[in-house]
Amino acid sequence: MGVTAAAVGNGRGDGARTAPLRVDAQRNLEHVLRAAREVFGELGYGAPMEDVARRARVGVGTVYRRFPSKDVLVRRIAEEETSRLTDQARAALGQEDEPWSALSRFLRTSVASGAGRLLPPQVLRVGVLEDGAEGAPGDAARVPQQRSQPGGGELRLVPGDGTTATVDDAGAAALLEVVGRLVERAREAGELRADVSVSDVLLVIATAAPSLPDPAQQAAASARLLDILLEGLRSRSS
């Protein structure tokens, strides 16, 4: 009985599907994805595929049958985490009327989920291009809400260097756009410091989710660190 061609393209099975995954193959895929999130979250995207296989309790050949290269697996995880953060930001926008409550809810939800440890580097490297400066090819994902960034520059997504996790520009741009809306609302309400940018908010998510061996310690440390960072983000006049 044939197994799907799930290992082509971006690892999502975008190619022609010959048959549904067998139950054991589907279970192995879920184990590999869960293990990859854990390993990459703890060690970074530089962790070897052997570590992922060991954590999933499968042979490394099983991992490569699902994902023909490490880049394919890394891209899959990075895209899933970027999509998850985007959904969390949209939920905060839609369910919180108060701008600061929406921003802080997004940050607390995202940090608690640990998604910040899996953000692709080029999402975190949102840089400011001076007016008239030429950007690198493919850096057209912009954050129009950040036009008021000090210095007059315009924020654009800085592409990855090809050696670490990458995510498609559309997914990254969607995340930057919706987080930009959260930031702009809180700034306009006078509750967010005027110099805080989208990149600052994403860096809070990435740094407030330390990887500690004890889950209770990790949760407590994340909550404490986020409280401190949120206080630093707030406008002193609010």
Side-chain angles (χ1 to χ4, degrees), residues 37-38 40-41 77-128 141-150 154-158 165 167-212 215 218-238:
R37 292 186 193 99
E38 293 174 357
F40 293 147
I77 298 300
E79 288 180 352
E80 286 184 351
E81 294 308 307
T82 299
S83 177
R84 177 160 63 147
L85 280 174
T86 303
D87 289 343
Q88 290 170 349
R90 286 174 176 152
L93 272 172
Q95 297 173 19
E96 296 287 348
D97 293 330
E98 295 296 325
W100 178 256
S101 296
L103 180 60
S104 60
R105 170 178 171 159
F106 166 62
L107 286 169
R108 292 189 186 281
T109 302
S110 300
V111 168
S113 73
R117 292 192 295 271
L118 293 164
L119 274 173
Q122 88 272 23
V123 173
L124 296 175
R125 290 202 302 270
V126 177
V128 178
R142 304 182 182 184
V143 188
Q145 288 78 8
Q146 296 298 299
R147 286 190 298 268
S148 58
Q149 180 77 5
E154 180 179 33
L155 285 180
R156 300 188 184 186
L157 183 67
V158 178
V167 67
D168 66 281
D169 283 350
L175 173 62
L176 296 176
E177 190 276 333
V178 70
V179 175
R181 288 162 60 193
L182 285 167
V183 168
E184 190 71 5
R185 286 181 61 198
R187 182 188 292 135
E188 289 180 348
E191 296 178 310
L192 183 69
R193 283 173 42 178
D195 62 337
V196 173
S197 68
V198 170
S199 55
D200 295 326
V201 171
L202 294 177
L203 283 171
V204 166
I205 296 171
T207 57
S211 180
L212 300 176
Q218 179 172 301
S222 292
R224 174 62 176 159
L225 181 55
L226 182 55
D227 283 342
I228 294 171
L229 293 172
L230 281 171
E231 187 63 28
L233 293 176
R234 295 204 74 165
S235 169
R236 293 184 179 180
S237 62
S238 62

- Item | Any donor-acceptor N/O pair, Arg187 side chain to Val196 backbone, under 3.5 Å | yes
- Item | Distance in Å, Leu175 CG paired with Gln88 CD, rounded so as to fall on 0.5 Å steps | 10.0 Å
- Note on the structure: salt bridge (Lys or Arg N to Asp or Glu O under 4.0 Å) pairs touching residues 95-104, sequence neighbours excluded, are Glu96-Arg105
- Shortest non-hydrogen separation from Leu233 to Leu192 and the atoms involved: O-CD1, 3.4 Å
- Query: Where is the tightest heavy-atom contact between Leu230 and Trp100, given as atom of each residue plus distance?
  - Reply: O-CH2, 3.6 Å
- Task: Look only at the side chain of Ser104 and the backbone of Ser101, and say whether a donor-acceptor pair between them is shorter than 3.5 Å.
- Result: yes
- Task: Can you measure from CZ (Arg185) to CG (Leu93) and round to the nearest 0.5 angstrom?
- Result: 5.5 Å
- Query: How many angstroms lie between atom CG of Asp200 and atom CG of Leu229, to the nearest 0.5 angstrom?
  - Reply: 10.5 Å
- Would you check if Leu182 and Val201 make a side-chain contact, meaning some heavy-atom pair closer than 4.5 Å? no
- Atom pair CZ (Arg236) and CD (Glu231), whose distance is rounded to the nearest 0.5 Å: 10.0 Å
- Could you pull out the closest heavy-atom pair between Val111 and Ser222, with the gap in Å? CG1-CB, 3.9 Å
- Query: Which atoms form the tightest heavy-atom contact between Ala102 and Ala92, and what is the distance?
  - Reply: O-CB, 3.3 Å
- Minimal non-hydrogen separation, Leu118 against Phe40, with atom names: CD2-CB, 3.6 Å
- Message: Set out, in order, the CA-CA distance, both residues' side-chain angles and the distance that settles salt bridge (Lys or Arg N to Asp or Glu O under 4.0 Å) for Glu184 and Arg181, then state yes or no.
- Response: CA-CA 5 Å; Glu184 190 71 5; Arg181 288 162 60 193; over 6 Å; no
- Minimal non-hydrogen separation, Glu191 against Pro99, with atom names: OE1-CB, 3.8 Å
- Item | Spatial distance of atom OG1 (Thr207) from atom CZ (Arg117) [nearest 0.5 Å] | 12.0 Å
- Is the side chain of Arg37 donor-acceptor paired with the backbone N or O of Ile77 at a distance under 3.5 Å, no angle test? no
- Passes side-chain contact (heavy atoms from CB on, under 4.5 Å), Leu202 versus Leu176? Steps please. CA-CA 9 Å; Leu202 294 177; Leu176 296 176; 3.6 Å; yes
- Taken to the nearest 0.5 Å, the spacing of Asp227 CG from Leu107 CG works out to 11.5 Å
- Query: Quick check: does any side chain N or O of Thr82 sit under 3.5 Å from a backbone N or O of Ala78, one acting as donor and the other as acceptor?
  - Reply: yes
